[in-house]
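Everything below concerns the one structure shown next.
As a basis for the values below, the full set of heavy atoms in this structure was taken, side chains included, without hydrogen atoms, waters or symmetry mates. Each chain gets a letter, A, B and so on, in the order its sequence line appears, and its residues count up from 1.
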Amino acid sequence: MWDMKKLINDPEDVVVEALRGMAAAHPDHLRVDLEKKVIYRKDAPVRGKVGLVSGGGSGHEPMHGGFVGLGMLDAACAGEVFTSPVPDQMMAATTAVDGGAGVLHIVKNYTGDVMNFEMAAEMADADSGIQVRTVVTNDDVAVKDSLYTAGRRGVGVTVLLEKIVGAAAEQGRPLEEIADLATKVNESGRSMGLALTSCTVPSAGKPTFELGDDEFELGIGIHGEPGRERRPMASARELAQQLVEPILEDLPRKDGQPVLAFVNGMGGTPLIEQYLMFNEVQTILAKADIQVARSLVGNYITSLEMAGLSVTLLTLDDDLIGLWDAPVNTPGLRWGA
Amino acid sequence: MWDMKKLINDPEDVVVEALRGMAAAHPDHLRVDLEKKVIYRKDAPVRGKVGLVSGGGSGHEPMHGGFVGLGMLDAACAGEVFTSPVPDQMMAATTAVDGGAGVLHIVKNYTGDVMNFEMAAEMADADSGIQVRTVVTNDDVAVKDSLYTAGRRGVGVTVLLEKIVGAAAEQGRPLEEIADLATKVNESGRSMGLALTSCTVPSAGKPTFELGDDEFELGIGIHGEPGRERRPMASARELAQQLVEPILEDLPRKDGQPVLAFVNGMGGTPLIEQYLMFNEVQTILAKADIQVARSLVGNYITSLEMAGLSVTLLTLDDDLIGLWDAPVNTPGLRWGA
Amino acid sequence: MATLDDVVAWLRDLAGTMKEHAAELTELDSAIGDADHGTNMARGTAAVAALLDESYDDAAALLKKAGMTLVSTVGGASGPLYGTFFLRMAGPLAGKEQIEAADLGAALRAGVEGIQQRGKAEAGDKTMYDAWAPALEAYDEAVSGGQDVGGSLRAAAEAAAEGRDGTEPLVARKGRASYLGDRSAGHLDPGAASTTLLLESAARTLG
Amino acid sequence: MATLDDVVAWLRDLAGTMKEHAAELTELDSAIGDADHGTNMARGTAAVAALLDESYDDAAALLKKAGMTLVSTVGGASGPLYGTFFLRMAGPLAGKEQIEAADLGAALRAGVEGIQQRGKAEAGDKTMYDAWAPALEAYDEAVSGGQDVGGSLRAAAEAAAEGRDGTEPLVARKGRASYLGDRSAGHLDPGAASTTLLLESAARTLG
Ligand SMILES: Nc1ncnc2c1ncn2[C@@H]1O[C@H](COP(=O)(O)OP(=O)(O)O)[C@@H](O)[C@H]1O
Ligand SMILES: Nc1ncnc2c1ncn2[C@@H]1O[C@H](COP(=O)(O)OP(=O)(O)O)[C@@H](O)[C@H]1O
Ligand SMILES: [Mg+2]
Ligand SMILES: [Mg+2]
Ligand SMILES: [Mg+2]
Ligand SMILES: [Mg+2]
């Protein structure tokens, strides 16, 4: 009867049951609206603070629900697995977290996410008069001809942006400044990912694609979709090169500017391999005379159990470094608090 | 040429290259001796504090290296993948972290780990006169007839013990007290794990065992070894029952005592499923009238890319709760600092 | 000529159709997307079917409710698109007890304009619009030729199916499939397939 | 009779043997352990082979160095066990330029006692001891029967191989395989297999 290697009950209940688990595991951090599938910071709305709302399909945990808390998001809307949430959720979240200073929607650039957040912003504006600004992240350099596509996807930079902009909101910066900062962070970062295996969407019940033992997908997104290109499997050293090179070609950065290097596991790649890859990335950057001032290694924006990895580089300045270092207290990212 | 789905270069270099990555990613936390393969807390030895040394085979990341830092370990010895480290490493670590108050060795109960740490303790004593005490964790209820086996394995409790005892050492408690506390934590916790897939040791190049699509291994350790029993795959609800029941049968706990519930991913199980399982565990405990006072959900003691999960329950008292809540600042576990 | 009852029958049939074809649509979405289109459509149309026991003033009111329900239950790209389609269909039908072939034509056109406004797809982008555009044309032509609602919808469904098949060689320029670049060629667009199913269901029930 | 040079030849042959059989030993360890025994033994004996270009006072000095090297390069259960074996072998051979069959017998016995002290395994626990115990006995018997070093080692290796094969039906009571309970039956013990290889290598080189 059970022939899917997943720790679930009914595929239809995966998201709500996981949200129950999150609520139970983080009673001090989170309040979860199980009906609307929105995860709130326990003390939302925070008076006078710009509210940060993000959301997207589930299956990318800890993103976004795991990034709700002090110094990061005020609310995260959880869609079905790999399916963007719906405007009702975003409207509810927007209303609940507005502390009088307006709300920023952080949206990853996927047609579905963009359209649903668009509808929510239209409705929020019409219904409640809450000031809503939107940033759409699109850092994925795998998508090249953005004229002939839905544009670059939002991937790793989203995590960094939520942290940095969250810290700025915590400082009490106003909505316009927050929105501009978000745009700046998005424009300062680039990402590239690869997959060694596919993943299985619970309701589909089998892997989204099949990959030979001796090949990998280069230029993947985070929805288990095939990548831009299938290439022959190679050493960590060569793979790191294939990820970092296209990022560096496109990364806005002046000589001497340091970067934040983010090596992200897609869910099924062991941490030991992620650290090994971080070593390769760091070596490439050192050779290019690029200082890694801050770093992050781990599973932060995932595709269920996909084996694979993405690299994100973010060009830093003093403001961004200060905001990165500021306290954060969420289930998925925590320091200084 | 490459037909292994691993982000590595040469299987022989996996551990040292990953250590390089750890050193590069955590320059503020860690100092890494690449030759001896020992990860040190940046400011070790801490004068007057009992030094905490652990170690074991690699492939369980973040354990142990990711638990080095304030409020947890002073040093972690990294063996080859799934192979216990050697006495040289432990002796070097012991000498380097002794701040004059003696050193506790935290050893998981596997024949290899125990024998190697034993030899190290003998040599440390003979060579340097450093006071060494040892705690051997053995919380795995899957191993029943401990008279006819190498005894219960050390699994999830090891993580909790390193955190709790680390906090006590930070408070300046003396070695004897630290050793007794470690024994108490070990005796207060029980674990049980299951695997949905095997994992591939890099030097072996193929999965350690094969498992049908409709079955799972119950009662696994953390070395990719097969479990006690192969059972038909079932729903999360039923699997949680099969993990929690044997734990509760064996857990030393008086009515009314709260527990820490720890749901641990084995490396290849997505966080969404871990939270879903936490919900099931929490539901079972609520029905049994057991209060979950603290919890931990995530990949903390892993078996490379194995899909699977373990549950650990630890009976708490006020001292343990206070020590659990105390600040910790390591790459793998961090709060309050 | 179609009535409120026919529209109820359509939406009920639609839920059954999507459920039946969910695996097939998800399979198409696995090849060039993220393996959720069938589940999304089945979930959304099932939520619409749950509305059908209530009573409505007219078909327009029901279609509006259906559109809102799709928006708030489907998610992804298809949720806002199909949701908008039904919301916009309602306009030209407001207050009509009897829906003539021309009325339905106006409603379909309004709906498809809504899809275009939201999604900004053009012909040949390998989206559901590649099924909708020829379907609209065929529908209008059939009406001009004197066909009734049923006949016109059958013509539209046939044209949609051709449009759907025509997406196979295309390289996607909109939606998730566009990330695949040239690799998107050689596969049917899942949204064009669900659009065809939707029109076939309409032809069966609004006749 | 064997000399320091023979022992050098043995340890060189041993490294080659373990390298050659690494995959096989790891395969055995996959079935009832953690898939590292071959890699562990190959790594450790290669480290020992790297010592062989230096010069040593006698076989005892070399064996001691080999033991220490195994302890500090193998890890796992087999590292301390084989390491202790070589360290203890050194004792009875100290100062001897010519190793007679009886000397080697005493050395082997001391080594195996070391394994027992460390690992506390008994006969039938499905460990390397199940190869060592009959090997020791056969060795002594051969010596009593007037065999030289080579002949006695050949007898020992044959007995070890039988002991190794005898581990197959056993349920493990020591080491990692014991966690498998009854499932450990039906597989050879990897350590008993490497012990047999070690003795076969000795028989080839110390003759
Ligand atoms: N911009 C667009 N305009 C029209 N249709 C689109 C657009 N983007 C995507 N689609 C349609 O949506 C379908 C995918 O729907 P679905 O899988 O439910 O959402 P998602 O792509 O968010 O997973 C595609 O097959 C395509 O027909
Ligand atoms: N207590 C023991 N006494 C003797 N031999 C043992 C003992 N425990 C394990 N062994 C031997 O060690 C072998 C496994 O070695 P290895 O795989 O290198 O180490 P590990 O089990 O730590 O992975 C077993 O096959 C067995 O022969
Ligand atoms: Mg989707
Ligand atoms: Mg081992
Ligand atoms: Mg889709
Ligand atoms: Mg082993």
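For the pair B:Val86 and D:Thr73, the tightest heavy-atom approach, listed with the atom from each and the gap, is CG1-N, 4.0 Å. For the residue pair B:Thr208 and D:Ala35, the shortest heavy atom distance occurs at OG1-CB, 3.8 Å.
Using a 4.5 Å heavy-atom threshold, the side chains of D:Lys120 and B:Met115 count as separate. Proximity of B:Arg228 to D:Tyr179: side-chain heavy atoms (C-beta onward) are nowhere separated by under 4.5 Å.
For B:Asp113 (side chain) and D:Gly76 (main-chain N/O), no donor-acceptor pair under 3.5 Å exists by modelled atom type.
Of the residues considered (D:Ala22, D:Ala77, D:Ser184, D:Gly83), D:Ala77 shows the highest number of contacts with chain B, using heavy-atom pairs under 4.5 Å. The residue among B:Glu229, B:Met119, B:Glu225, B:Gln89 with the most heavy atom pairs within less than 4.5 Å of chain D is B:Met119.
Contact annotation for B:Asp88: only side-chain heavy atoms (C-beta onward) come within less than 4.5 Å of a heavy atom of chain D. The contact between D:Val74 and chain B is made entirely by backbone atoms, counting heavy-atom distances below 4.5 Å. Of the two parts of B:Glu210, neither the backbone nor the side chain holds a non-hydrogen atom closer than 4.5 Å to a non-hydrogen atom of chain D. Both the backbone and the side chain of B:Pro226 come within less than 4.5 Å of a heavy atom in chain D. Only the side chain of D:Arg183 comes within contact range of chain B, with heavy atoms under 4.5 Å apart. In this structure, chain D has heavy atoms under 4.5 Å from both the backbone and the side chain of B:Tyr110.
No more than 12 heavy-atom neighbours from other residues, nucleotides or ligands sit within 6.0 angstrom of CD on D:Glu122. In this structure, D:Glu141 places its CD atom where only 12 or fewer heavy-atom neighbours from other residues, nucleotides or ligands lie under 6.0 Å away. Heavy-atom neighbours of D:Lys64 NZ from other residues, nucleotides or ligands within 6.0 Å: at or below the threshold of 12. Summarising the local packing, CG of D:Asp57 is surrounded by 12 or fewer heavy atoms from other residues, nucleotides or ligands at distances under 6.0 Å. Heavy atoms from other residues, nucleotides or ligands lying under 6.0 Å from CD of D:Glu137 number 12 at most.
Checking each of D:Thr39, D:Asp36, D:Thr26 against B:Ser203 for a side-chain hydrogen bond (donor to acceptor under 3.5 Å, both in side chains) leaves exactly one that passes, namely D:Thr39.
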Under the criterion salt bridge (charged side-chain N to carboxylate O under 4.0 Å, His left out), I'd like the reasoning laid out for D:Arg43 against B:Glu12: C-alpha separation, chi angles, the key distance, then a yes or no. CA-CA 9 Å; D:Arg43 184 178 57 249; B:Glu12 282 189 21; over 6 Å; no
